[in-house]
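Some notes on the structure that comes next.
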Amino acid sequence: MSLPAAGAPAWLTSLLALACGLIVANIYYAQPLIGPIAAELGLSPGAAGLIVTMTQIGYGAGLLLVVPVADLLENRRLALAVMGLGALGLAGAAMAGQPAAFLAASLVIGLGSVSVQILVPYAAHLAPERKRGQVVGNVMSGLLLGIMLARPVASLVADWLSWRAVFALSAGLMLALGLVLRLAMPPRHPREPGAAPGLRYGTLLRSMGRLALGSPTLRRRALYQASLFSAFSLFWTVVPLLLAGPEYRFSQSGIALFALAGVAGAVAAPIAGRVADRGWVRPATGLAMLAVALSFPLTHLAAPGGGTGLGLLLAAAVLLDFGVSANVVLGQRVIFALGAEYRARLNGLYMATFFLGGALGSALGGWSYAAGGWPLASGIGLALPALGLLYYATERRGTPAAG
């Protein structure tokens, strides 16, 4: 089987979208389960945060050290190998009896989950130029749904079965998915003109520094998304605390149901892809960033605690997720046009940059809510995309970053 000349068939794009959603969900399953996991394994409250941190460290390392290898090795084989590593991590988490074993498994889960960032550029390679934004948007919609559904699904499965069942079921799912992808995905061998025969891993990693320093377009798009993803992470770190507090007194199941509101934002990804294909990246970027910024003051139009306050919080969640989902696709459409021969490295740098923004947003969210409640947290949440908008205002029309 070889890459289709006319682009990916619709069924393959849908399969890649499903695969991306199922894989990326592995990063987020543990977040609502920290309490029961820590209690059973004997982790102290102060160390419980390591459950999520280790997964994030593994994912961040994979973005910089594993994803770029897709510019060097055959993509299908690499993606399946990394998925297999993630399945081992999930199985290890399900069977762990000691804190150290679970934390090590969490690191491997994060590392194995970067296979999703091999599949997204792979989908871009399949697509003809005129439809690349549409294909990437469709695949990213699956990824974003996976992010948004992972937490409520994990909470519900843990309630019905146990937290171990969440990881065991996902491990089996990864093995089954790997078999399907092995049969369905055409192989894709990277070809870097003038460098492919002698390109080595060390050279590959060093080239990433040159790409980061030599591509203003990449830096601009990555920083745009970092400003939005930091606000996204702050919002979804703080809102569960707000909903569980005295204003709303939501149960864990209620918080899980609220999180489903974010799913509506995933529809932005395919829309953004089509908008980008029409050449409207710059105005769409401004609207996406403005949507994220406005979502925070929207929550202050009514006092928290009542039905109106909850409705506004729900609307803010949808608006914020819509803006973040749209902008990530707009950014990928732009950076993937910079060069097919280093598309995986570009994607790794892009994702790693805004992933750091997300980590910053989570940290700011926890601190700000403890220090000043929702007023302080939402004020910082507004400031983050506002900084991105100020940077966006310096972009000149007609530049590559503008599409």
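Note that the numbering runs from 1 along the sequence shown for the chain.
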Report task. For Phe232 and Val292, run side-chain contact (heavy atoms from CB on, under 4.5 Å): C-alpha distance rounded to whole Å, both residues' side-chain angles, the deciding distance at 0.1 Å, then the answer. Result -> CA-CA 8 Å; Phe232 173 91; Val292 175; over 6 Å; no
Of the non-hydrogen atoms in [X] and [Y], which two are nearest, and what is the gap between them?
X: Gly146; Y: Ala25; value: O-CB, 3.7 Å
X: Leu119; Y: Met185; value: CD2-CE, 3.7 Å
X: Ala291; Y: Gly323; value: CB-CA, 4.4 Å
X: Gly357; Y: Ser230; value: O-CB, 3.0 Å
X: Pro385; Y: Ala293; value: CG-CA, 3.6 Å
X: Tyr248; Y: Leu310; value: OH-N, 3.6 Å

Interatomic spacing from [atom1] in [X] to [atom2] in [Y] - rounded to 0.5 Å:
X: Leu384; Y: Leu389; atom1: CG; atom2: CG; answer: 11.5 Å
X: Ile23; Y: Ser115; atom1: CD1; atom2: OG; answer: 3.5 Å
X: Leu18; Y: Thr13; atom1: CG; atom2: OG1; answer: 12.5 Å
X: Leu78; Y: Leu72; atom1: CG; atom2: CG; answer: 9.0 Å
X: Ile118; Y: Met83; atom1: CD1; atom2: CE; answer: 10.5 Å
X: Leu349; Y: Met208; atom1: CG; atom2: CE; answer: 3.5 Å

State, yes or no, whether a side-chain contact exists between [X] and [Y] at a heavy-atom distance under 4.5 Å.
X: Gln98; Y: Leu41; result: no
X: Val120; Y: Cys20; result: yes
X: Trp374; Y: Pro304; result: no
X: Pro68; Y: Leu64; result: no
X: Phe258; Y: Leu313; result: yes
X: Ser378; Y: His300; result: yes
X: Leu63; Y: Gln117; result: yes
X: Phe354; Y: Leu228; result: no

Do the side-chain N and O atoms of [X] and [Y] include a donor-acceptor pair separated by under 3.5 angstrom?
X: Arg221; Y: Thr285; value: yes
X: Glu395; Y: Tyr224; value: yes
X: Arg210; Y: Ser215; value: no

Requested in this report: Please step through side-chain contact (heavy atoms from CB on, under 4.5 Å) for the pair Leu356 and Leu360, ending with a clear verdict.
Outcome: CA-CA 6 Å; Leu356 288 174; Leu360 173 64; over 6 Å; no
Just distance, no hydrogens or angles: give the donor-acceptor pairs under 3.5 Å from side chains in residues 162-183, sequence neighbours left out.
from: Ser162; atom 1: OG; to: Arg164; atom 2: N; distance (Å): 3.4
from: Ser162; atom 1: OG; to: Ala165; atom 2: N; distance (Å): 3.3
from: Trp163; atom 1: NE1; to: Glu40; atom 2: OE1; distance (Å): 2.8
from: Arg164; atom 1: NE; to: Glu40; atom 2: OE2; distance (Å): 3.0
from: Arg164; atom 1: NH1; to: Ala94; atom 2: O; distance (Å): 2.8
from: Arg164; atom 1: NH1; to: Ala96; atom 2: O; distance (Å): 2.7
from: Arg164; atom 1: NH2; to: Glu40; atom 2: OE2; distance (Å): 3.0
from: Arg164; atom 1: NH2; to: Ala96; atom 2: O; distance (Å): 2.9
from: Ser170; atom 1: OG; to: Asn26; atom 2: OD1; distance (Å): 2.5

Please confirm whether the backbone N or O of [Y] pairs with a side-chain atom of [X], one donor and one acceptor, at under 3.5 Å?
X: Asn75; Y: Ala70; result: yes
X: Tyr392; Y: Leu387; result: no
X: Arg151; Y: Tyr29; result: no

Query raised in the report: Which is it for Thr394 and Arg220 under the side chain to side chain donor-acceptor pair (under 3.5 Å) test, yes or no, and what are the steps along the way?
Result: CA-CA 10 Å; Thr394 68; Arg220 183 174 284 275; 3.3 Å; yes
Query raised in the report: Looking at the rings of Phe355 and Phe229, which for Trp means the six-membered one, are their centres under 6.0 Å apart?
Result: no
Requested in this report: Please step through side-chain contact (heavy atoms from CB on, under 4.5 Å) for the pair Leu346 and Leu218, ending with a clear verdict.
Outcome: CA-CA 7 Å; Leu346 291 168; Leu218 171 64; 3.9 Å; yes
Extract all donor-acceptor atom pairs below 3.5 Å that involve side chains of residues 363-370 and protein atoms in other chains or at least two apart in sequence.
from: Ser368; atom 1: OG; to: Leu364; atom 2: O; distance (Å): 2.7
from: Ser368; atom 1: OG; to: Gly365; atom 2: O; distance (Å): 3.2

Report summary line: Those residues at least two apart in sequence (or on a different chain) that pass side-chain hydrogen bond (donor to acceptor under 3.5 Å, both in side chains) with Tyr350 are none
Query - Short N-O contact, Glu74 and Arg188, less than 4.0 angstrom - result: no
Requested in this report: Using the side-chain contact (heavy atoms from CB on, under 4.5 Å) rule, take Val108 and Leu90 through it: C-alpha gap first, then chi angles, then the decisive distance, then the call.
Outcome: CA-CA 8 Å; Val108 176; Leu90 290 161; over 6 Å; no
Query raised in the report: How are the rings of Phe235 and Phe296 set to each other: parallel, tilted or perpendicular (split at 30° and 60°)?
Result: perpendicular
